[in-house]
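These notes concern the structure reproduced below.
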Amino acid sequence: MNKFLAVIPARYGSSRFEGKPLADIFGKPMIRHVWERASSCFEHCVIATDDSRIEAAGVGFGADVIMTSDKHRSGTERANEACDKAEKLYGMKFDVVINVQGDEPFVHTSQLELIKSCFDDSETMLATLVKPFADNEDIFNENTPKVVRAVNGDALYFSRSVVPFLRGKDKGEWQKSRTFYKHIGLYGYRRDVLPRICALPAGELEQAESLEQLRWLENGYRIRTAVTDCQSHAIDTPEDLAFVLREYKDLFGK
C-alpha cells in the first residue's frame with residue numbers, strides 16, 4: 001500500500017494577491033480550509049512555506065509546517081524540498097507526494113481520493129485531474145489550460161489554446177461538438193520521480209505556454225489523468241475571493 005504525503009505549498013508574496021494564504025474566509029485563513037480538507041484524507045500532511053507569518057498561522061491551528069527556500073520556481077520544487085524534510089520529521093519514506101493547491105480552500109475530498117487512486121497502478125509516474133468544461137464556461141479563455149487525453153487516460157498535451165482544433169466547424173459550435181477538458185491543478189508525483197523532474201531545465205514547450213507540466217511531457221514522463229465532475233474555485237485575485245465568499249455564503253450561514 002502506498003504511503004502518501006500531502007504537501008500544501010504556500011507563498012505570501014503574490015503580484016495579484018499579496019498575503020493570499022492568510023486571507024480570511026468565514027473566520028479562518030484560506031490555508032486552514034485547505035489543510036483541514038487535506039488532513040481528512042491524508043495521515044501525513046504539511047504546509048510548505050518560506051514565510052514566517054504563514055508558519056505562525058499554521059502552527060497556531062495545529063498543522064505541521066515546513067520552512068522551505070524562497071528560491072523555488074514552482075510549487076513542485078517546494079514540494080520536493082518539503083518531502084525531504086518531512087521524511088526526516090516523520091522518520092519514514094513516502095511512496096507518493098500529492099501537491100494540494102493552497103489557493104483552493106474548498107477542494108473536494110473526493111478529488112483528493114481520486115488522485116490518490118491513480119497510484120493504485122504501479123506504472124503511474126505522475127498524475128493530475130481534469131474536468132469537462134461546463135456549457136457556461138469559456139473554452140477560449142487562455143487562463144484556463146486545456147488537456148488532451150489518450151485512451152488510457154494519459155495526458156497527450158496541455159495548452160492555453162483550445163485543443164483539439166475542430167477543422168471545418170465554426171468556433172461557436174465547438175463546445176457543442178465534443179467534450180473539452182480543463183486542467184485541475186492537483187498534482188501527484190511518485191517519490192523517485194519528483195526530484196528528477198525538478199532537476200529538468202525548462203523546455204521550449206513550457207516556455208511557450210508557461211505550463212510546467214509540459215517540461216515533464218517533453219522529457220518523456222507520462223502524466224496519468226483522472227476525470228472529476230466537481231467544480232473547483234481557485235483564488236488568484238481579491239475578485240476571486242469575493243466570488244467564493246458569495247458562492248459559499250449559504251453553506252457557511254454567513
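What you are looking at is a predicted structure, and each value in this text was computed from that prediction instead of being measured.
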Item checked: Straight-line distance of Arg11 CZ to Phe17 CZ, nearest 0.5 Å -> 13.5 Å
Notebook entry, point to check: Taking atom CG of Asp95 and atom OG of Ser122, what is their separation to the nearest 0.5 Å?
Noted result: 11.5 Å
Notebook entry, point to check: Could you state the interatomic distance from CE (Met125) to SG (Cys118), rounded to the nearest 0.5 Å?
Noted result: 14.5 Å
Margin query: If we ignore hydrogens and angles and just use 3.5 Å, is the side chain of Glu77 paired with the main-chain N or O of Arg73 as donor and acceptor?
Written below: yes
Notebook entry, point to check: Do His183 and Thr128 touch side chain to side chain, with heavy atoms closer than 4.5 Å?
Noted result: yes
Margin query: Here's one to test your reading of the geometry: is the NZ or CZ of Lys116 within 45 degrees of the ring axis of Phe4 and under 6.0 Å from its centre?
Written below: yes
Next item on the list: Over all heavy atoms of both residues, which pair between Cys83 and Leu5 is shortest? Give the atoms and the distance, please.
Entry: CA-CD2, 3.7 Å
Check: Which residue pairs pass the salt bridge (charged side-chain N to carboxylate O under 4.0 Å, His left out) test when at least one of the two sits in residues 21-31, sequence neighbours left out?
Finding: Lys28-Glu36
Checklist line | Gln231, CD atom: more than 12 neighbouring heavy atoms under 6.0 Å | finding: yes
Check: Short question: side chain of Glu218, backbone of Gln213 - any donor-acceptor pair under 3.5 Å?
Finding: no
Item checked: Cluster link Tyr187 to Ile8, ILVMFWY, side chain under 4.5 Å -> no
Notebook entry, point to check: Does a side-chain heavy-atom distance below 4.5 Å link Glu104 with Gln101?
Noted result: yes
Checklist line | Derivation and outcome, salt bridge (charged side-chain N to carboxylate O under 4.0 Å, His left out), residues Lys20 and Asp103 | finding: CA-CA 8 Å; Lys20 179 170 63 172; Asp103 60 4; 3.4 Å; yes
Check: Relative to Tyr248, does Arg246 satisfy both conditions: NZ or CZ under 6.0 angstrom from the six-membered ring centre, and within 45 degrees of the ring's axis?
Finding: no
Note to self: What I'd like to find out is whether the side chain of Ile47 reaches to under 4.5 Å of the side chain of Ile31, using heavy atoms alone.
What the structure shows: yes
Checklist line | Side chains of Tyr90 and Met92 in contact at under 4.5 Å (non-hydrogen atoms) | finding: yes
Next item on the list: List the atom of Gly102, the atom of Val34, and the distance in Å for their closest heavy-atom pair.
Entry: O-CG2, 3.6 Å
Check: Mind checking whether Leu89 and Met67 sit in one hydrophobic cluster, side chains of I, L, V, M, F, W, Y counted as touching below 4.5 Å?
Finding: no
Note to self: How long is the straight-line distance from CD of Glu204 back to CD of Gln207, given to the nearest 0.5 Å?
What the structure shows: 7.5 Å
Item checked: Pairing of Glu173 and Lys169 as salt bridge, 4.0 angstrom limit -> no
Notebook entry, point to check: According to a 4.5 Å side-chain heavy-atom criterion applied to Ile, Leu, Val, Met, Phe, Trp and Tyr, with indirect links allowed, do Leu217 and Leu205 form part of one hydrophobic cluster?
Noted result: yes
Notebook entry, point to check: When rounded to the nearest 0.5 angstrom, what distance separates OG1 in Thr228 from NZ in Lys131?
Noted result: 7.5 Å
Next item on the list: Looking only at non-hydrogen atoms, find the nearest pair between Lys146 and Ile139 and report the distance.
Entry: NZ-O, 3.1 Å
Next item on the list: Please report the shortest heavy-atom distance between Ile98 and Gly188, naming the atom on each side.
Entry: CD1-CA, 3.7 Å
Note to self: Give me the atom names and distance for the closest heavy-atom approach of Ala127 to Ile115.
What the structure shows: O-CD1, 3.7 Å
Next item on the list: Identify, with sequence neighbours excluded, every residue that meets side chain to side chain contact (heavy atoms under 4.5 Å, CB included) alongside Phe140.
Entry: Asp138, Val162, Lys171, Trp174
Next item on the list: Dump the intermediate steps for ring pair (Phe, Tyr, Trp, His ring centres under 6.0 Å) on Phe106 and His233, then the final yes or no.
Entry: CA-CA 7 Å; Phe106 304 117; His233 293 296; 8.2 Å; no
Notebook entry, point to check: What about Leu129 and Ile235, same hydrophobic cluster or not, with Ile/Leu/Val/Met/Phe/Trp/Tyr joined at side-chain heavy-atom distances under 4.5 Å?
Noted result: no
Notebook entry, point to check: Side-chain contact, heavy-atom cut-off 4.5 Å: Val163 with Phe158?
Noted result: no
Next item on the list: Measure from the side-chain N and O atoms of Thr68 to the backbone N and O of Ala82, and report whether any donor-acceptor pair falls under 3.5 Å.
Entry: no
Notebook entry, point to check: What is the minimum heavy-atom distance between Ala10 and Ile54, and which atoms define it?
Noted result: O-CD1, 3.8 Å
Note to self: Working note: Val7 + Val100, criterion side-chain contact (heavy atoms from CB on, under 4.5 Å); need CA distance, chi angles, decisive distance, verdict.
What the structure shows: CA-CA 6 Å; Val7 178; Val100 183; over 6 Å; no
Margin query: Which residues pass the side-chain hydrogen bond (donor to acceptor under 3.5 Å, both in side chains) test with Thr237, not counting sequence neighbours?
Written below: Glu239, Asp240
Item checked: Phe42 with Leu186, same ILVMFWY side-chain cluster at under 4.5 Å -> yes
Notebook entry, point to check: Under the side-chain hydrogen bond (donor to acceptor under 3.5 Å, both in side chains) test, which residues partner Trp35, sequence neighbours left out?
Noted result: Ser39
Note to self: For Glu43, I'd like to know if atom CD has over 12 heavy atoms of other residues, nucleotides or ligands within 6.0 Å.
What the structure shows: no
Note to self: Quick check against the 3.5 Å criterion: does Asp70 have a side-chain atom that pairs as donor or acceptor with the backbone of Asp50?
What the structure shows: no
Notebook entry, point to check: Are the side chain of Arg222 and the backbone N or O of Glu123 linked by a donor-acceptor pair below 3.5 Å?
Noted result: yes
Notebook entry, point to check: Restricting to pairs with a member in residues 147-163, which pass side-chain hydrogen bond (donor to acceptor under 3.5 Å, both in side chains), not counting sequence neighbours?
Noted result: Arg149-Thr225, Asn152-Asp154, Asp154-Arg224, Tyr157-Glu209, Ser159-Glu209
Notebook entry, point to check: Would one find more than 12 heavy atoms of other residues, nucleotides or ligands at under 6.0 Å from atom NZ of Lys3?
Noted result: no
Notebook entry, point to check: Taking the side chain as C-beta and beyond, is there a heavy-atom pair between Thr144 and Phe133 under 4.5 Å?
Noted result: yes
Check: Does some side-chain heavy atom of Val107 sit less than 4.5 Å from a side-chain heavy atom of Leu112?
Finding: yes
Next item on the list: Give a yes or no on whether the backbone of Pro132 and the side-chain of Thr179 come within a donor-acceptor separation of less than 3.5 Å.
Entry: no
Note to self: Donor-acceptor check, side chain of Glu81 to backbone of Ser69, threshold 3.5 angstrom: yes or no?
What the structure shows: yes
Enumerate, atom names and distances included, each donor-acceptor pair closer than 3.5 Å involving a side-chain atom of residues 189-203, sequence neighbours excluded.
unit_1: Tyr189; atom_1: OH; unit_2: Thr76; atom_2: OG1; d: 2.9
unit_1: Tyr189; atom_1: OH; unit_2: Asn99; atom_2: ND2; d: 3.0
unit_1: Arg190; atom_1: NE; unit_2: Thr124; atom_2: O; d: 3.1
unit_1: Arg190; atom_1: NH1; unit_2: Asn2; atom_2: OD1; d: 3.3
unit_1: Arg190; atom_1: NH2; unit_2: Asp121; atom_2: O; d: 3.2
unit_1: Arg190; atom_1: NH2; unit_2: Thr124; atom_2: O; d: 3.1
unit_1: Arg191; atom_1: NE; unit_2: Glu87; atom_2: OE2; d: 3.0
unit_1: Arg191; atom_1: NH2; unit_2: Asp84; atom_2: OD1; d: 2.6
unit_1: Arg191; atom_1: NH2; unit_2: Glu87; atom_2: OE1; d: 3.3
unit_1: Arg196; atom_1: NE; unit_2: Tyr221; atom_2: OH; d: 3.3
unit_1: Arg196; atom_1: NH1; unit_2: Asp192; atom_2: O; d: 3.2

Note to self: Nearest 0.5 angstrom please: Met30 CE to Leu22 CG, how far?
What the structure shows: 9.0 Å
Item checked: Side-chain touch Tyr181/Val148, heavy atoms, less than 4.5 angstrom -> no
